[in-house]
**Student:** 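Just dropping this structure here.
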Amino acid sequence: MEQQLQQLKDEALQAIASAADVKSLNDVRVKYLGKKGPITDLLKGMGKLPAEERPKMGALVNEVRGEVTAELESRMAVLEEEAVAKKLDAESIDVTLPGTPVRTGNHHPLTRIIEEIEDFFISMGYEVAEGPEVEKDYYNFEALNLPKGHPARDMQDSFYITEDILLRTHTSPVQARTMEAKQGKPFKIICPGKVYRRDNDDATHSHQFTQIEGLVVGENIRMSDLKGTLDRFAKKMFGEDREIRLRPSYFPFTEPSVEMDISCFKCGGSGCNVCKKTGWIEILGAGMVHPNVLRMGGYDPDVHSGFAFGMGPERIAMLKYGIEDIRHFYTDDLRFIGQFRRTEG
Amino acid sequence: MKISLNWLSDYVDIEGVEPAELAEKITRSGIEVDAVDNRSEGLKNIVVGHVLECSQHPQADKLNICRVDVGEEEPSQIICGAPNVAAGQKVVVARPGARLPGGVKIKKAKLRGEESHGMICSLQELGFDGKVVPKAYASGIYVLPEDARPGEDALGLLGLDDTVLELDLTPNRSDALSMLGAAYEAAAILSKDVNLPETAHEESAEPASGLLNLRVDAAEANPLYAAKVVRNVKVGESPEWLKARLMAAGVRPLNNIVDITNYVLMEYGQPLHAFDYDRLGTGEIVVRHAAEGEVIETLDGTERKLEPHHLLITNGREPVAIAGVMGGANSEVHDGTTTVVIEAAYFSPASVRKTSRELGLRSDASTRFEKGVDPNRVIEAGERAAALMADLAGGEVLSGTVLFDELDKEPKRVTVSPDFINERLGMKIPFEEMEEILRRLQFPYEAVNGQFVIDAPTRRVDISIPEDIVEEIARLYGYDEIPATLPVTESLPGGLTPYQDKRRTVRRYLEGAGLYQAITYSLTSESESQKFALETAPVTRLLMPMSEERSTLRQSLLPHLLDAVTYNTARQTSSVALYEVGSVFLGEGEDGLPTEVEHAAGAVTGEWSAAGWQGGQKRVDFFAVKGIVEGLATELGLSDKLSFRKGEMDGLHPGRTADVLLDGERVGIIAQLHPSEQKARDLKDTVVFELNLQRLLREETEPLLYTPVPKFPSISRDIALVVPKAVQAAALESTIRTNAGSILKDVHVFDVYEGDRMEEGMKSIAFSLTYLDPERTLTDEEVSEMHNRIVAALESEGAQIRN
Ligand SMILES: [Zn+2]
């Protein structure tokens, strides 16, 4: 019987070694270790042995069964690993094929600029004020120190609806309305929005465009405060190493009035085509609020003062992104808008 | 305003200041210099020539062979094609090796077999604008005065040895619309004195008032009228220097009398007019307003119909000039004029502005009167013109001035304290520095109790309040000196309003959903303005549109948005998804202003998801866009309040249009365009939406509160129904919800089938229902009971249950 057992073991180990896959190895397991297999038979047949031999034979059978089982398991592990490897290999893909596109749109470049400016001034404690695009002559002109017949009205030929109502020519009427609403309290606002002027559309003119104006009113607001504010703004929008300079100018609603230039962000000031060889680029107009404007807004110019500034997002976008024709902003060509997607910095 | 530096240096010493440096200083301290034009740049070897002989070229009708003395031993042969060339003339010769504007080089040449050693020049060839070239030389060579010496450099004679600064004046600085104004500015910047022009002249014993009577019937519009009479003038060409200065200033020389009035206009900024005394005919000048329907023929030969508020200069019988705007043809100075009346007047800015606007006539004179001329220099300018006429036209100036004068010439007094100036600027400019600046500006002042009491010169019409002095001090002290500080105010929280914040959310959501932001024009044609409007309202039309295409404010964003879609599809972008957030304008709201309502609209065409290498292409359809709108409602916390119903509107597909309702009120539409609309716009299937965004953003929503995550499992059951095609999913869903208890958590359609396997006119629609009790685990029995009740209700409404 011992001999029979040894032969069985050799047979089983042979079968395990030659099993090529998990399935045939499982067949081997059933064949040798199953309930109807020869090892079980041997154990069943032990009853026939003399009682004194049974323990020894029992131990021997268990030993063989243990050896076969161990061999079987280790072989099984190898075969399973091989099977997995084969399956993974069959599943491999061309990772250089393109991914499934995620369909998203993006901001219009003017919105991108306007939000950037809004966010800067919000961080400085400004509110965003808005107002109607169709305005009364009073808010668009008169409350801004531009009475009827004022020569500066020539500067902005307007679209009138009636003698007293027009499409606003700047966002300044929002300033006039805000002063009325704030009733003498100090405030800081910026006013973004669409404005309209009687211009023929060409590469540098558009009958509709956008503006952002800012207004700060309080006690003892100084021109140096305006300069400091604009300096921070220029650095935020155009880079930390920008310098600004103020040049005298004229707006009916401010006195003194200035224009602000920034040092050219392209050439740094040495002169190039962007700055027309001057090293400086004109960015915005500003000034100290004219006492007549304060008075009409319900503020006492002996107590209150303020500064105001205004700029054109189109111009800023054109400078910043190198856009050559203002009409691009209103054509809504996806080959244009689609370029203003990614983050900067 | 063009400022010749040669001319400017008559009044202020600019010796040793480079033109570019002067321009920079002027710009930085207040007046923008647009251009610095060095007029001799690129010009060389241009001399005076004397045409000794001139004969026709044997081979060419239009060419002349000239022998020209250019100051050398031998005369040069020069071929000239100008029609006005003649022997005896002194001309401008560009010699071989010469350079002309635009980099033109002159070389020896052969013209039809004859040698030409240079070129006889026209003024245009020397860089003069054709508009300023005297008419006699407009289409030929320029002829110099007889005393020009052959071989002499011609640039000086022509005033080309000069630099011209072009000033871009803001409306407040009309004082610099004159050489003297520019001189005061330059003097203030350079800390120099101003030398005034010579006005002294001899006078005959005979008084002007003996020849001329004056009456002003409109003192308000014409508070000052001064007339000088100059007799025995010889009308002719002006001297070279005067012509050169006028041309440098952009004025075309005409004859010495007119040139002198223009010269003084440029010098003083005071417009003058010269009448021919004899043609005036009456020895009288009457200034009055026009009569109804009165007519005048102006200098330009145009007949002008006048209004009763137009101010006229008349001879007592008929108009001879429109005051301050343009002279009349009947009294114009001509070659045979011998006696001249010089008018120097102050016409009120408002009157001149209105007249010149209404007649569409703008001139150097009217622009200056409109801004207000210096009241204290009117009479002086007249004297200056008389002096020049005596000097340059041999005139005899009659004594005295015929004068009407009710003009207030007092300077404006401005009181301002140095502290105020420093407070406004945020600076500490010393008192003495401020005094120094006032002196440089030639602003007379006194320091009284530590305050400046300033008599602002009347030439500076822009100076009237303390803030104006703040600006004068600051600009001459230098804006670079102002420190950079930040406002010290009561600390205010900045930020967006909830509305503005939500609007940003909407933009980002729509972009996340695949739409690009468009911005289109608010103005459209009247016929398009009400198309796709959600509400009926009167249109808002411009009084004077520039074109019909942009005459009326839009009431819907869609027409222009669809134009943008077509623009893109016509340029090979076949899939387009655009949205816009902007206002529409509903006529006649509060205060006469239209009511502006902010809308959001979208238009989508082409593929919704592109066909990649994995396939999966899907074309845009109604439901893709409806999904976007539903998602937007979810984003805004309004999905429970939003519902949809079949709608209709012109231009939209009648079977594929939905009204969007907020609590039952229409706030928008979703639709496919009508096929005929698509065809008209050259579009494939296009789906649009437009929402009253303002209404959605102003709708208050509940605060966001967390609902506990369910601890117990939910149970799902499906129901498949067969119903007539016309039955709407929303109606079935409503039946399900009304018959379900609180344990029904969710219902949604997961399948719709209308194909061949269905009976005619029927469709199959399948719902998935989810039951959940947050407090306990549901049993199969109670769910079945609920489900059966729902099924029974659906059956009782005629639906067949499909298994
Ligand atoms: Zn540059």
Side-chain angles (χ1 to χ4, degrees), chain A residues 97-98 100-101 103-108 110-111 122 124-128 132-134 136 149 151-152 155 159-162 165 186-188 194 198 207-208 216 218 220-225 227-229 231 245-250 255-256 258 288 291 305 329-334 337-338, chain B residues 27-30 170-172 350 370-371 423-426 465 467-468 470-471 474-475 479-480 482-487 489-490 492-496 500 511-512 514-522 540 542-543 546 550 564 567-568 573 576-578 583 585 592-594 596 609-610 612-613:
Chain A
L97 281 168
T100 308
R103 185 192 168 117
T104 58
N106 58 251
H107 278 6
H108 189 282
L110 290 176
T111 304
I122 286 169
M124 305 275 280
Y126 287 61
E127 295 171 88
V128 178
E133 293 169 34
V134 181
K136 300 182 133 197
M155 286 161 80
F159 288 120
Y160 275 90
I161 307 275
T162 69
I165 295 174
F187 64 88
K188 296 192 268 192
K194 291 175 185 149
R198 269 189 100 76
H207 75 280
Q208 174 181 322
V216 174
N220 199 25
I221 301 293
R222 304 157 298 177
M223 196 148 165
S224 58
D225 300 332
K227 192 172 177 182
T229 301
D231 186 56
R245 72 172 190 188
L246 302 181
R247 275 183 296 109
S249 187
Y250 169 74
E255 185 71 39
V258 292
M288 301 303 291
S305 53
F329 294 112
Y330 296 97
T331 317
D332 298 314
D333 190 326
L334 285 175
I337 300 176
Chain B
T27 296
R28 294 303 313 280
S29 59
T170 50
N172 60 324
E370 276 182 23
K371 314 270 186 196
E423 272 165 26
R424 272 304 136 85
L425 295 174
I465 56 172
E467 285 78 3
D468 296 327
V470 173
E471 178 166 62
R475 73 184 183 92
Y479 281 160
D480 288 348
I482 299 178
T485 60
L486 286 177
T489 55
E490 200 178 306
L492 307 156
L496 297 171
Q500 292 164 342
E511 286 157 18
L515 276 59
Y516 290 83
Q517 189 194 6
I519 299 180
T520 66
Y521 295 136
S522 305
T540 309
L542 301 181
L543 269 183
M546 295 174 78
R550 293 197 186 123
Y567 181 93
N568 278 287
T573 309
V576 182
L578 291 172
S583 288
F585 303 82
L593 298 177
E596 293 181 28
S609 46
W613 58 272

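Within every chain, numbering begins at 1; the chains are lettered A, B, ... in the order of the sequence lines, protein sequences first and strands thereafter.
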**Student:** Rounded at 0.5 Å granularity, tell me how far CZ in A:Arg222 sits from OG1 in B:Thr485.
**Tutor:**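 Atom-to-atom, A:Arg222:CZ and B:Thr485:OG1 are 4.0 Å apart.
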**Student:** So for B:Ala474, is it side chain, backbone, both, or neither that comes closer than 4.5 Å to the heavy atoms of chain A?
**Tutor:**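 For B:Ala474, there is no contact with chain A at all, as no heavy atom is under 4.5 Å.
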**Student:** Looking at A:Asn220, A:Ile165, A:Thr100, which one has more heavy-atom pairs under 4.5 Å with chain B than the rest?
**Tutor:**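 Top option by heavy-atom pairs under 4.5 Å: A:Ile165.
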**Student:** Is it the side chain or the backbone of B:Tyr567 that comes within 4.5 Å of chain A heavy atoms, both, or neither?
**Tutor:** side chain
**Student:** Do you know which two heavy atoms are closest between A:Val134 and B:Glu596, and how far apart they sit?
**Tutor:** N-OE2, 2.7 Å
**Student:** Taking atom CD of B:Glu471 and atom OG of A:Ser249, what is their separation to the nearest 0.5 Å?
**Tutor:** 8.5 Å
**Student:** Please report the interatomic distance CG(A:Asp332) to OH(B:Tyr521), rounded to the nearest 0.5 Å.
**Tutor:**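 Rounded to the nearest 0.5 Å, the CG-OH separation comes to 9.5 Å.
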**Student:** Going by the rule salt bridge (Lys or Arg N to Asp or Glu O under 4.0 Å), which residues pair with B:Arg28 if we only count those two or more places apart in sequence or in a different chain?
**Tutor:**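 For B:Arg28, the residues satisfying salt bridge (Lys or Arg N to Asp or Glu O under 4.0 Å) (neighbours in sequence not counted) are B:Asp480.
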**Student:** If every non-hydrogen atom of A:Ile221 is compared with every non-hydrogen atom of B:Pro487, which pair is closest and at what distance?
**Tutor:** CD1-CB, 3.9 Å
**Student:** Please identify each residue that fulfils ring-ring contact (aromatic ring centres under 6.0 Å, His included) with A:His107, with sequence neighbours left out.
**Tutor:**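 Counting only residues at least two positions away or on another chain, A:His107 forms no ring-ring contact (aromatic ring centres under 6.0 Å, His included).
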**Student:** Between chain A and each of B:Val576, B:Ile465, B:Asp468, B:Thr27, count heavy-atom pairs under 4.5 Å; write down the option with the most.
**Tutor:** B:Asp468
**Student:** Heavy-atom distance under 4.5 Å to chain B: side chain of A:Leu334, backbone, both or neither?
**Tutor:** both
**Student:** Considering all heavy atoms of both residues, which atom of B:Gly426 and which atom of A:Ser224 are nearest to each other, and what is their separation?
**Tutor:**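 Heavy atoms of B:Gly426 and A:Ser224 come nearest at CA-OG, 3.6 Å.
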**Student:** So what's closer than 4.5 Å to chain A heavy atoms on B:Thr520: side chain, backbone, both or neither?
**Tutor:** both
**Student:** First locate atom NZ of A:Lys227, then atom CD1 of B:Ile482, and finally report the distance between them rounded to the nearest 0.5 Å.
**Tutor:** 6.0 Å
**Student:** Would you check if B:Arg475 and A:Pro256 make a side-chain contact, meaning some heavy-atom pair closer than 4.5 Å?
**Tutor:**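 Not in contact.
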**Student:** Using a 4.5 angstrom heavy-atom cutoff, name the option from B:Gly30, B:Gly592, B:Gly514 with the most pairs to chain A.
**Tutor:**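 The option with the most such pairs is B:Gly514.
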**Student:** Of the backbone (N, CA, C, O) and the side chain (C-beta and beyond), which part of B:Asn172 lies under 4.5 Å from a heavy atom of chain A, both, or neither?
**Tutor:** both
**Student:** Relative to chain B, which of A:Thr162, A:Val128, A:Val216 shows the most heavy atom pairs under 4.5 Å?
**Tutor:**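 Most heavy-atom pairs under 4.5 Å with chain B: A:Val128.
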**Student:** Top residue by heavy-atom pair count (under 4.5 Å) with chain A, among B:Arg424, B:Glu423, B:Gln517, B:Arg550?
**Tutor:** B:Gln517
**Student:** Is the side chain of A:Glu133 donor-acceptor paired with the backbone N or O of B:Ser583 at a distance under 3.5 Å, no angle test?
**Tutor:** no
**Student:** Return the minimal non-hydrogen interatomic distance between B:Leu486 and A:Met124, and the atom names on each side.
**Tutor:**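 The answer is CD2-CE, 3.9 Å.
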**Student:** Can you say whether A:Thr331 sits under 4.5 Å from chain B via the side chain, the backbone, both, or neither, judging by heavy atoms?
**Tutor:**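 Both the backbone and the side chain of A:Thr331 come within 4.5 Å of chain B.
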**Student:** Which atoms of B:Ser29 are under 4.5 Å from chain A, going by heavy atoms: the side chain, the backbone, both sets, or neither?
**Tutor:**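 Only the backbone of B:Ser29 comes within 4.5 Å of chain A.
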**Student:** Among B:Ala484, B:Gly512, B:Gly495, which residue forms the greatest number of heavy-atom pairs with chain A at distances under 4.5 Å?
**Tutor:** B:Gly495
**Student:** Please look at B:Leu593 and chain A and tell me whether the side chain, the backbone, both or neither of the residue comes under 4.5 angstrom of a heavy atom of that chain.
**Tutor:**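 Both parts, backbone and side chain.
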**Student:** Which heavy atom of B:Ala518 sits nearest to which heavy atom of A:Ile337, and what is that distance?
**Tutor:** CA-CD1, 4.4 Å
**Student:** Picking from A:Thr229, A:Leu110, A:Asp231, which has the most non-hydrogen pairs under 4.5 angstrom with chain B?
**Tutor:** A:Thr229
**Student:** Less than 4.5 Å to any heavy atom of chain B: does that hold for the side chain of A:Tyr160, its backbone, both, or neither?
**Tutor:** both
**Student:** What residue, out of B:Thr170, B:Leu425, B:Ile519, has the most heavy-atom pairs lying under 4.5 Å from chain A?
**Tutor:**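 Of the candidates given, the most pairs with chain A belong to B:Ile519.
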**Student:** Which atoms form the tightest heavy-atom contact between A:Pro98 and B:Trp613, and what is the distance?
**Tutor:** O-NE1, 2.8 Å
**Student:** Could you tell me which of B:Ala350, B:Ala564, B:Pro483 has the largest number of non-hydrogen atom pairs under 4.5 Å with chain A?
**Tutor:** B:Pro483
**Student:** Hey, could you give me the CD/CE distance between B:Glu467 and A:Met288, rounded to the nearest 0.5 Å?
**Tutor:** 9.0 Å
**Student:** Does B:Glu511 form a side-chain contact (heavy atoms from CB on, under 4.5 Å) with A:Thr104? I'd like the steps, not just the answer.
**Tutor:** CA-CA 6 Å; B:Glu511 286 157 18; A:Thr104 58; 5.9 Å; no
**Student:** Quick one: what part of A:Lys136 sits under 4.5 Å from any heavy atom of chain B, side chain, backbone, both or neither?
**Tutor:**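 Contact with chain B involves both backbone and side-chain atoms of A:Lys136.
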**Student:** So which part of A:Asp333 gets closer than 4.5 Å to some heavy atom of chain B, the side chain, the backbone, both or neither?
**Tutor:**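 It is both, since atoms from each part get that close.
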**Student:** CG of B:Leu542 to CZ of A:Phe159: how many Å apart, nearest 0.5 Å?
**Tutor:**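 Interatomic distance, B:Leu542 CG to A:Phe159 CZ, rounded to 0.5 Å: 6.0 Å.
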**Student:** Quick check on A:Pro101 against chain B: is it the side chain, the backbone, both or neither that has a heavy atom closer than 4.5 Å?
**Tutor:**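 When you check distances to chain B, no heavy atom of A:Pro101 falls under 4.5 Å.
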